[in-house]
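See structure below.
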Protein chains: 2
Amino acid sequence: MASDLSPPRSPVRPVEVDRSSPVPLYFQVASRLQELIEAGEIGVGARIENEVDLAERLGVSRPTTRRAIQYLVERGMLVRKRGVGTQVVHPKVRRPVELSSLYDDLVTADRKPRTEVLQLKVIPAPAEVAEALELSPGTEVTWIERLRYAGGEPLALMHNAIPLGLIHLEADDLARHGLYELLRRAGYQPRIATQVIGARSANAAEARTLQEKRGASLLTMTRTAWDVSGRALEYGSHVYRASRYSFELNLSAG
Amino acid sequence: MASDLSPPRSPVRPVEVDRSSPVPLYFQVASRLQELIEAGEIGVGARIENEVDLAERLGVSRPTTRRAIQYLVERGMLVRKRGVGTQVVHPKVRRPVELSSLYDDLVTADRKPRTEVLQLKVIPAPAEVAEALELSPGTEVTWIERLRYAGGEPLALMHNAIPLGLIHLEADDLARHGLYELLRRAGYQPRIATQVIGARSANAAEARTLQEKRGASLLTMTRTAWDVSGRALEYGSHVYRASRYSFELNLSAG
DNA sequence: TTTTTTAGTTTGTCAGGACAAAGTATTGAC
DNA sequence: GTCAATACTTTGTCCTGACAAACTAAAAAA
């Protein structure tokens with residue numbers, strides 16, 4: 001019997017599972033729940049049905065139900081408390097699902113990007129680069145210098161080093177596609193990266209290239225990216241015009 | 001019988017579980033595995049024993065073993081492939097465990113922090129702040145201006161707004177503790193935040209306060225933080241001396 | 001009235017078993 | 001020798017069942 005508690009317990013009506021589908025049951029359940037939550041049918045703060053009842057009503061086992069709920073907990077849509085129940089979390093809090101993608105593509109989003117390849121050659125890795133990529137000093141790498149425009153204006157000056165043998169790069173490809181896209185296409189999926197974001201003033205050459213005044217503030221970002229097996233894919237050292245660019249990130253704790 | 005495959009299959013020797021301990025079995029198993037991996041006893045790239053055998057040898061059920069392994073997979077130490085096995089991932093790739101904490105405390109880590117409270121008062125929220133905290137324009141908030149030193153030198157000028165009623169702040173407390181520590185102590189745990197990181201040049205007042213030259217590059221960071229229930233906890237607008245500070249982050253892609 | 005005890009609810013942990021799906025290695029046919 | 005079929009290994013999904021731990025709320029005792 002439903003008790004009368006202040007956060008109403010929504011009944012989660014028409015959820016059914018399709019056992020002939022190749023989609024795992026737990027995922028079907030999670031998806032249905034997610035739909036109901038996003039459609040607002042299970043209002044924020046409301047407690048969902050308890051595991052045991054939900055499982056019984058859907059005709060699946062409790063572990064399957066648990067796994068579905070766990071899945072949504074992990075992406076921040078639900079919170080569980082032992083002895084209490086499972087609540088829907090405020091939507092604003094549900095963002096950080098994809099905090100984690102690595103994109104040059106902040107640009108690609110809405111502004112018209114254009115890339116000019118200033119340099120493309122093979123050089124012995126400078127000490128800093130070799131260390132970042134975990135190569136012996138002097139190992140050769142592909143070295144790229146690109147100037148990226150957005151909306152017709154220069155936005156960033158980007159230097160990258162890529163270990164030889166990973167991928168063969170043509171200036172043409174680089175002009176038309178992002179580096180990460182090219183890497184992915186060659187079968188290398190960046191999974192982990194460490195970034196350092198800082199700022200400094202533009203020197204004369206940078207100011208000229210980026211059409212800024214000398215001494216203008218620049219955002220700097222250096223990054224090393226690895227694939228899932230720990231192979232270093234890329235080292236990058238970029239400077240952005242602070243007047244036109246900023247980093248936006250979503251963090252989640254615990 | 002162990003086959004002879006190029007990545008050697010480590011035997012994961014002396015792992016035992018303590019059933020009288022209050023620590024969950026799956027967590028004991030995960031911890032032991034993690035130790036072995038971090039001590040290098042299961043070398044990078046090596047496959048660990050398969051679930052079934054491991055479970056049997058430890059005297060726990062397969063679901064428990066699975067859960068332990070899953071736990072390490074989620075924090076990026078292991079990779080599993082159906083039909084193949086479970087491999088240890090390169091250590092460099094294991095970082096992003098705690099990308100997710102919100103800290104002022106980058107500073108507190110090793111450098112001696114000191115905080116000077118320049119302002120502490122209640123004011124109607126400016127438009128930008130009100131929007132960030134999802135308050136009606138003009139709602140009163142606690143407004144703080146702090147100057148943070150590290151190693152005897154000024155490092156950052158920080159402005160924060162906190163909704164009234166959350167917490168009563170004293171200049172004394174703020175001088176001795178981080179804002180997040182005070183919030184946590186009052187029972188408010190920041191869970192989600194959105195940050196924007198940019199750069200600009202210091203104006204005269206900022207330069208004076210931070211002991212920089214006028215026009216020096218500053219790193220800027222504005223942030224809004226929410227707790228798990230979606231309540232807005234804090235809005236912050238900080239500027240850092242770019243010559244002394246940078247943001248370091250670890251990203252991981254889904 | 002206030003505090004303590006008790007009972008009830010709900011999630012957390014764990015076992016053991018069964019079959020499916022995805023790879024890998026071996027075998028057999030051509 | 002090359003290619004396809006087969007067997008094997010390993011993780012993925014799912015079930016039933018049981019008890020423990022945390023929390024809430026009601027009942028009992030002070």
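Letters A, B, ... are given to chains in the order of the sequence lines, protein chains preceding strands, and every chain is numbered from 1.
- Using a 4.0 Å cut-off between a side-chain N of Lys or Arg and a carboxylate O of Asp or Glu, Asp172(A) and Arg176(A) qualify as a salt bridge.
- Each of Gly59(A) and Lys81(A) was matched to the nucleotide of DNA chain D holding its nearest heavy atom; the match closer to the 5' end belongs to Gly59(A).
- If you find the closest nucleotide of DNA chain D to Val84(A) and to Thr65(A), the one lying nearer the 5' end belongs to Thr65(A).
- Distance CD/Glu56(A) to OG/Ser61(A): 12.5 Å, rounded to 0.5 Å.
- Checking the phosphate oxygens (OP1, OP2) of dT11(C), a side-chain nitrogen or oxygen of Thr86(A) falls inside 4.0 Å.
- For Arg19(B), a side-chain nitrogen or oxygen approaches OP1 or OP2 of dA15(C) to under 4.0 Å.
- Residue Val60(A) is classed as a sugar-phosphate contact, given heavy-atom separations below 4.0 Å to backbone atoms only.
- A cation-pi arrangement is not found for Arg67(A) relative to Tyr71(A), the charged atom failing to lie both closer than 6.0 Å to the ring centre and inside a 45° cone about the ring normal.
- Regarding contacts with the backbone of dT13(C), a side-chain N or O of Tyr26(B) is found under 4.0 angstrom from either OP1 or OP2.
- When only modelled atom types and interatomic distance are considered, Asp18(B) and Gln28(B) share no side-chain donor-acceptor pair under 3.5 Å.
- As a whole-Å value, the separation of Gln87(A) CD from dT11(C) P is 11 Å.
- Contact annotation: Arg62(A) does not reach the phosphate of dG17(D) (side-chain N/O to OP1 or OP2, under 4.0 Å).
- If you check dC14(D), dC14(C), dT10(C) against the side chain of Asn50(A), the one that comes closest is dT10(C).
- The base of dG12(D) has none of its N or O atoms less than 3.5 Å from a complementary donor or acceptor on the side chain of Arg67(A).
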